[in-house]
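One structure below.
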Amino acid sequence: MDLTVSQMMQMQKALFEPHRDTWHPMEPEYGKDFLLYMVEELGEAIAVLKKKGSGAIMEDGAVRAAFLEEMADVLMYYHDVLLRYHVTPEEFSEIYLRKHLRNMGRNYTREYEEQYHG
């Protein structure tokens, strides 16, 4: 299985529907809240890494599952942020691809030297 951006966004919309009367609406003014929730979940993924270490994430199935669950939460909130700012899967994909292509042509070593030592 390999989920697409469209599928993940649709899944978040489906999760929202039964809770629409109690959860924050899919509107821009709530985007910042979901960005903060996303960062909180990233902190939980970091806590697994800090407490268990990279080795356990690679070798212990239960630790790996816990780490991946936290990373999934990060991605779920990430899509919640995009949805609240009414970003479409196509819009996101276009920008992501453009950024990737730009990054492929960058010289990170030179940029770092110019920024911090030039």
Side-chain angles (χ1 to χ4, degrees):
M1 177 185 335
D2 187 6
L3 297 172
T4 66
V5 172
S6 296
Q7 289 170 318
M8 288 185 275
M9 290 177 94
Q10 190 57 44
M11 291 166 73
Q12 288 310 108
K13 287 179 186 178
L15 180 60
F16 173 77
E17 280 308 314
H19 305 283
R20 73 170 26 261
D21 295 332
T22 55
W23 287 4
H24 293 301
M26 290 284 186
E27 296 301 329
E29 58 264 28
Y30 300 102
K32 68 181 181 336
D33 298 332
F34 284 80
L35 192 60
L36 291 171
Y37 297 145
M38 182 183 75
V39 170
E40 180 181 17
E41 293 297 339
L42 187 55
E44 292 182 19
I46 291 167
V48 173
L49 177 60
K50 182 179 174 184
K51 292 174 184 173
K52 300 297 183 175
S54 296
I57 290 171
M58 298 306 295
E59 298 166 9
D60 182 322
V63 173
R64 187 174 183 85
F67 175 73
L68 289 174
E69 184 172 323
E70 298 305 338
M71 292 301 293
D73 286 340
V74 170
L75 200 49
M76 288 175 179
Y77 280 118
Y78 183 88
H79 286 99
D80 282 335
V81 171
L82 295 179
L83 288 166
R84 279 171 174 75
Y85 288 109
H86 305 249
V87 174
T88 66
E90 296 79 14
E91 180 183 18
F92 175 78
S93 296
E94 180 182 327
I95 297 296
Y96 189 95
L97 180 58
R98 187 181 323 149
K99 178 65 176 181
H100 170 73
L101 293 173
R102 189 167 92 216
N103 286 346
M104 290 298 292
R106 292 174 67 184
N107 182 329
Y108 289 95
T109 303
R110 186 182 73 234
E111 288 178 24
Y112 177 83
E113 287 296 322
E114 289 173 357
Q115 185 173 2
Y116 296 105
H117 301 289

I need the minimum non-hydrogen distance between [X] and [Y], along with the two atoms involved.
{"X": "S54", "Y": "L49", "value": "OG-CD1, 3.5 Å"}
{"X": "M9", "Y": "V87", "value": "CE-O, 3.0 Å"}
{"X": "R110", "Y": "N107", "value": "N-OD1, 2.9 Å"}
{"X": "M38", "Y": "V74", "value": "CG-O, 3.5 Å"}
{"X": "L35", "Y": "V81", "value": "N-CG2, 3.3 Å"}
{"X": "H19", "Y": "L15", "value": "CD2-O, 3.0 Å"}

Is [Y] close to [X] at the side-chain level, that is, under 4.5 Å between some pair of heavy atoms?
{"X": "K32", "Y": "L36", "answer": "no"}
{"X": "H24", "Y": "F34", "answer": "yes"}
{"X": "Y77", "Y": "Q12", "answer": "no"}

Atom OH of Y116: over 12 foreign heavy atoms under 6.0 Å: no
Donor-acceptor contacts, no H, no angles, side chain residues 94-102, under 3.5 Å, sequence neighbours left out:
unit_1 : atom_1 : unit_2 : atom_2 : d
E94    : OE2    : R98    : NH2    : 3.0

Same cluster (ILVMFWY, side-chain, under 4.5 Å), M76 and M11: no
How many angstroms lie between atom [atom1] of [X] and atom [atom2] of [Y], to the nearest 0.5 angstrom?
{"X": "I46", "Y": "M71", "atom1": "CD1", "atom2": "CE", "result": "9.0 Å"}
{"X": "Q10", "Y": "L3", "atom1": "CD", "atom2": "CG", "result": "12.5 Å"}
{"X": "L75", "Y": "H79", "atom1": "CG", "atom2": "NE2", "result": "5.0 Å"}

Cationic N near anionic O, under 4.0 Å, R20 to E17: yes
Y85: ring-ring contact (aromatic ring centres under 6.0 Å, His included) partners, not counting sequence neighbours: none
All pairs passing salt bridge (Lys or Arg N to Asp or Glu O under 4.0 Å) where residues 59-82 contributes a residue, at least two apart: D80-R84
